[in-house]
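Only one structure is covered here, and it is reproduced in the block below.
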Amino acid sequence: MHTQKSRRNFIKKSAVLGAGITLLPHLSYAIDSSKEQKLNVGLIGLGLRGTNHLKNLVQRNDIIVSAICDIDETRIGIANTLITKYQKNSATVFRKDEYDYRNLLNLKEVDAVIISTPWLWHTRMAKDAMKAGKYTGVEVSAANTMEECWDLVNVHEETVTHLMILENVNYRRDILAVLNMVKQDVFGELVHFRCGYQHDLRFVKLNDGKSAYGKGVEFGEKGISESKWRTQHSVSRNADVYPTHGVGPIATMCNINRGNRFSSITSNATKSIGLHNYIVKHGGSDHPNAKVKFKQGDVITSTIETTNGETIIVTHDCNLPRPYSLGFRVQGSNGLWEVDGNRIYIEGKSESHKWDKADEWLAKYDHPLWKKYGEYAAGAGHGGMDFFVLNAFVESAKQNIAPPLDVYDAAAWSAITPLSELSIENNGEPQNFPDFTRGMWIKRKPYNWMKDTF
Ligand SMILES: NC(=O)c1ccc[n+]([C@@H]2O[C@H](COP(=O)([O-])OP(=O)(O)OC[C@H]3O[C@@H](n4cnc5c(N)ncnc54)[C@H](O)[C@@H]3O)[C@@H](O)[C@H]2O)c1
């Protein structure tokens, strides 16, 4: 009852907000929106990612960070320092235990929450947040198992509360320029995509327990930050455990859940040597972690088929030495973009059989959002995309409308983890994606990405 009531109040409040929000995101250095009602945000999880969100939130004029929650006293201290620096009001703190976040969710004044905790907490926290009527933002991936994917969808549909998966790569400047090219039909009819998460995380998954990127080969209880929880997934699961940075942008380009959908996936994994070799090299063969058997193959390759007849190759490659690349390729009947090599070829426009440097194309098709807010975005983290993903969340929450990256996206993208695991276990046997939209993908319209507001 209480939940429904506070949601209704918030919707009323949002209607008042509606008029001014399409002009500019209300950055403190943009326009003065102090007369407008503000969105009250609660943050759950204040590690490296949550703190980055906090930093961006407290610099906006349309936000009050009214509550924070973490079980680590040090992280609460860092967050409070930031809040005191930028905000008049202090935030109510929740730090008692792992379930204290539920007390944050009980606060009437909190309109929206952002969840930046370890993966195994995402779905249970997101479900509780939606049940409490809070507009919910969840970090990537959103879910770990097929049951969790369905849970997100079911709770959203039961509560009619929105959830946004906070996939920042969807807002990268080159990605939005390529999306613009897709929308303007430059590539022609889409046929094939490549993407993935190709990031040497050995020094993230293993550290010295004192600093996140410190030398050392500890993880679990003796580790710090992501090595505390992320590494165990490499021990326990042979799966693509982090698919959304790659597949999120591609899913948007080919209208997944909006006229198209993922139909099936096949996955294969290589042997696992990267993390073990790193431990031996930096900790010695006598180190207890040298005995740990890592289940996750070093390179996991999945091929997704869509109902519209495209294929998407998704790679997870995080345990071997390599420079960072998400490996994007977008290919259609007229030509293609490849991020590696920074090149584009469009038949009839490019010199026959020769690549163009992508820069000129990307500049020509620069997305309206980046044209308008590029300079504000610059300091926000990850080259600016963190500003845009958070801005989309805030502006959608203020109006209480469906976000650009919604619960069906969260479920379909996150489902790659359990489905790739099942396929690998069965020698690459194809696995079918469930239809999380229950048939609605047929008539759901693509989100309007080509606007300059959010
Ligand atoms: N989108 C991106 O570019 C990006 C970048 C980094 C991390 N992430 C995602 O953000 C999430 C957090 O990653 P991180 O790097 O900040 O990890 P982290 O380990 O630095 O932070 C996690 C925080 O959650 C807290 N926490 C754990 N259990 C809790 C509970 N029950 N209640 C309250 N707090 C709890 C921990 O104390 C810690 O401070 C992960 O899902 C990760 O995949 C996304």
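Just so you know, ligand 1 is whichever comes first in the structure, and atom 1 is the first atom listed for that ligand.
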When you measure from the heavy atoms of His245 to every atom of ligand 1, does any distance fall below 4.0 Å? yes
Has ligand 1 got any nitrogen or oxygen that is less than 3.5 angstrom from a nitrogen or oxygen of Ser141? no
Within ligand 1, which atoms have a heavy atom of Tyr242 less than 4.0 Å away? 4 (C), 8 (N), 43 (O), 44 (C)
Which of the atoms in ligand 1, numbered in the order shown and given with their element, are less than 4.0 Å from a heavy-atom of Asp72? 37 (O)
For the residue pair Thr92 and Leu104, establish whether any side-chain heavy-atom pair is separated by less than 4.5 Å. no
For Tyr99 and ligand 1, answer yes if some heavy atom of the residue is under 4.0 Å from a ligand atom, otherwise no. no
Does His122 have a non-hydrogen atom less than 4.0 Å from ligand 1? yes
Do any nitrogen or oxygen atoms of Tyr101 lie less than 3.5 angstrom from nitrogen or oxygen atoms of ligand 1? no
Geometry only, no angles: is Arg75 polar-contacting ligand 1 at N/O separations under 3.5 Å? no
Within 45° of the axis and under 6.0 Å from the centre of the six-membered ring of Tyr408, does NZ or CZ of Arg261 qualify? no
Is the closest heavy atom of Trp229 to ligand 1 under 4.0 Å? yes
Do any nitrogen or oxygen atoms of Leu48 come within less than 3.5 Å of a nitrogen or oxygen of ligand 1? yes
What do you reckon, does Glu226 put a non-hydrogen atom under 4.0 Å from ligand 1? yes
Contact check: Arg230 vs ligand 1, nitrogen or oxygen atoms, below 3.5 angstrom: no
In terms of side-chain heavy atoms, does Lys295 have a donor or acceptor partner in Ser234 at a distance below 3.5 Å? no
Just jot down the ligand 1 atoms closer than 4.0 angstrom to any heavy atom of His382, in number order. 3 (O)
Among Val241, Leu166, Ile76, Asp70, which residue places a heavy atom closest to atom 37 (O) of ligand 1? Asp70
So Glu310 and Asn260, side-chain hydrogen bond (donor to acceptor under 3.5 Å, both in side chains) or not? Walk me through it. CA-CA 10 Å; Glu310 298 106 355; Asn260 194 7; 2.9 Å; yes
Mind checking what makes salt bridge (Lys or Arg N to Asp or Glu O under 4.0 Å) contact with Arg202, not counting sequence neighbours? Asp200
Look at the side chain of Asn170 and the backbone N and O of Gly248, then say whether any donor-acceptor pair between them is shorter than 3.5 Å. yes
Any nitrogen or oxygen of Met125, main chain or side chain, under 3.5 Å from a nitrogen or oxygen of ligand 1? no
Are Asp366 and Arg173 within salt-bridge range, i.e. N to O under 4.0 Å? yes
What pairs with Glu425 under side chain to side chain contact (heavy atoms under 4.5 Å, CB included), at least two apart in sequence or on another chain? Glu421, Leu422
For atom 5 (C) of ligand 1, closest protein heavy-atom neighbour: Arg49 CD, 3.4 Å
Is there a donor-acceptor pair closer than 3.5 Å between any side-chain N or O of Asp97 and the backbone N or O of Ile71? no
With His245, which of Trp413, Tyr197, Tyr171, Tyr324 fulfils ring pair (Phe, Tyr, Trp, His ring centres under 6.0 Å)? Tyr197
Proximal atoms of ligand 1 relative to Ile71 (non-hydrogen, under 4.0 Å): 26 (N), 27 (C), 28 (N), 29 (C), 33 (C), 34 (N), 35 (C), 37 (O)
